Protein chains: 2
Amino acid sequence: MNAVSLDLARLRRSCAHCSLRQLCLPGGIDAGALAQLEQLVRRTRPVRRGERLYRIGERLNAVYVASAGAFKTVSVSESGEEQLQGFHLPGELMGLDGLGEGVHRCEAEALVDANVCEVPLEQLSTVALQLPGLHQQLLRVIGQSLDRDHDHAGLLVRRQANERIALFLHGLGERYARIGEDPYRFRLPMSREDIARYLGLALETVSRGLTRLQEDGVISARGRLVEIADPKELARLAHGGDGGEPAQRGRL
Amino acid sequence: MNAVSLDLARLRRSCAHCSLRQLCLPGGIDAGALAQLEQLVRRTRPVRRGERLYRIGERLNAVYVASAGAFKTVSVSESGEEQLQGFHLPGELMGLDGLGEGVHRCEAEALVDANVCEVPLEQLSTVALQLPGLHQQLLRVIGQSLDRDHDHAGLLVRRQANERIALFLHGLGERYARIGEDPYRFRLPMSREDIARYLGLALETVSRGLTRLQEDGVISARGRLVEIADPKELARLAHGGDGGEPAQRGRL
DNA sequence: CGTTAGATTGACAACTGTCAAAAGACGTGG
DNA sequence: CCACGTCTTTTGACAGTTGTCAATCTAACG
């Protein structure tokens, strides 16, 4: 029991803000299982900006979580243009795309220098079948990935560009908060062009939207450094507070 | 062995075009397991147009597949407006939303009278842990759900309304083909407003887009009845064939 | 046959995409 | 440490598309 809690402490420290923490530390875990899990995870492989974890068409054989840095996942439409499927901050799972066909539909590219943990899928499945609770936790993490996709779709159906941009910044702040970073002051790891493709806008529109937010005193942006000056107003704008309904009606 | 193949035949007939077929019929299945699976599925509960399979906030305790009819899944944004997350034809899984939190983020409403198969999640998990291969198959079906979400995002990032509409019809045709229906002639189960919210457009824009496609001889639409007169042209329009690049460059 | 919900069409303003140029940030090498 | 070149970002002007408001038309249903 003592050994177990030591291992637990080590795991916690090394994967402090890792989404796989939920995978690694469910109830009813014993020392042997812990050892198995520890061996499963290849830790902190450094990945340099521009490097890819996997490419489109590759068989998927692992899932990935960054412990530092940031990634984007990009797919290519039939017309040949790139489509930004998502951004991935430390602790957010990557590599589940193509779980349906067994082949990656996206490529994951590091936006800045990063560290990644890699978990071979086959071994993960094997261990999941043996560990009570781990299977459930795996489903849960996948579900969170589904949630993120729904949030993305939720961004894209907003018709006003400024609403999408505000919601994007708001959501990014929330995600930074979740990993212990300042939700009101952070450096964007992605370019305006990446943001634009993620939001389904022209990059000039993104730039103008940020400028507008700055003029209105909601944020302060110098290049990629963003400071959210008025979080409440940002949230209001993000949730369609401007443009139609009289401020706060319906819920809240 | 004889009994097994009989059961298999029965299963195939009853769930002929069901996405869960892939769950039910993996390799290495035996008679006992088959019986377990058969008991798992509550079959063909009739659901009338407008009825909901589940609501937002409910604990998720089952997944659903329609054997006939069609559904939409709708979520509500923080600003109170409804967001159309997806359409579900027969054989397409519903109910995975909220796998992350264990609580539904969407509600699933029948667009027309329908029949649904319901599979309790808890029992499914239990059986999945015992059946070699079933766990993998479960992941695969979830992956397909992820793929559909990515396709939806792919629709939404298109900037031109006509492109989204063409791609929507094209994709719908493909999905009808997959369940053995005519991909070039079908009745839309959803209203123009539903389509509009799914595509992130105004319903008038959808109506105009359909009219435009009809004027151009690509489709023939009378109310909800759609006939695709020129599938090749529709595919071209769907993949950005119009608007920029000189017809078919890059791939194809 | 009347009523109602859904769909189409028209007019107009606003937003956003496109093209183009300038300004700023960043890294490299002197 | 500064100068240079490149990439990114901002800003401007303008046209096109799309959203909004409003009226008409159609279809479904009682």
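Not measured: the values here are computed from a predicted model. Numbers restart at 1 for each chain; the letters A, B, ... are given by sequence-line order, proteins then strands. We use all heavy atoms of the structure for the numbers below, so side chains are in, but hydrogens, waters and symmetry mates are not.
Taking atom CZ of residue A:Arg187 and atom C1' of nucleotide D:dT8, one finds them 13 Å apart after rounding to whole Å. Rounded to an integer number of Å, the gap from CZ of A:Arg224 to P of C:dG27 is 10 Å. Atom CZ of B:Arg212 and atom C1' of C:dT9 are 15 Å apart (whole Å). Remark: P of D:dA28 and CG of B:Leu188 are 13 Å apart, rounded to the nearest angstrom. When the P atom of D:dT17 is taken as reference, atom CZ of B:Arg164 falls 14 Å away, rounded to whole Å. Summarising the geometry, the separation between CZ on A:Arg192 and P on C:dA25 is reported as 11 Å, rounded to the nearest angstrom. Rounded to whole Å, the distance from CG on B:Leu210 to C1' on C:dG6 is 14 Å. We find that CZ of B:Arg49 is positioned 10 Å from C1' of C:dA5, with the value rounded to whole Å.
The shortest distance between side-chain heavy atoms of A:Arg164 and A:Leu201 falls below 4.5 Å. In this structure, B:Val47 and B:Asn115 have side chains that are not in contact, with every pair of non-hydrogen atoms separated by 4.5 Å or more.
For B:Arg52, the CZ atom counts as densely surrounded, since its 6.0 Å shell holds more than 12 non-hydrogen atoms of other residues, nucleotides or ligands. Atom CZ of A:Arg59 is surrounded by 12 or fewer heavy atoms from other residues, nucleotides or ligands within 6.0 Å.
Checking B:Val206 against A:Gly223, the closest nucleotide of DNA chain D that is more toward the 5' end is the one next to A:Gly223. Position along DNA chain C of the nearest nucleotide to B:Leu203 versus A:Ala202 favours B:Leu203 as the more 5'-ward residue. A residue-by-residue look at A:Ala221 and B:Arg222 shows that A:Ala221 has its nearest nucleotide of DNA chain D further toward the 5' end.
Contact record, B:Tyr176 with B:Pro189: OH-CD, 3.6 Å, taken as the closest heavy-atom pair. Contact record, B:Ala153 with A:Gln85: CB-OE1, 4.1 Å, taken as the closest heavy-atom pair.
The stretch residues 150-162 of chain A touches DNA chain C through A:Arg159, A:Gln160, A:Ala161, each having a heavy atom under 4.0 angstrom from the strand.
Note on B:Ser191: every side-chain N or O is 4.0 Å or more away from OP1 and OP2 of C:dA5. Residue A:Thr205 places at least one side-chain N or O under 4.0 Å from the OP1 or OP2 atom of C:dG17.
Below the 3.5 angstrom threshold, one finds a donor paired with an acceptor across the side chain of B:Arg208 and the base of C:dG10. You'll find a donor-acceptor pair under 3.5 Å spanning the side chain of B:Glu204 and the base of D:dC21, going by distance alone.
Out of C:dT9, C:dG17, C:dC26, the shortest distance to the side chain of A:Leu201 is found at C:dG17.
Residue contacts shown for A:Gly200 are limited to sugar-phosphate atoms, with no base heavy atom under 4.0 Å away.
With ring centers used as reference points, A:His88 lies 6.0 Å or more from A:Tyr64.
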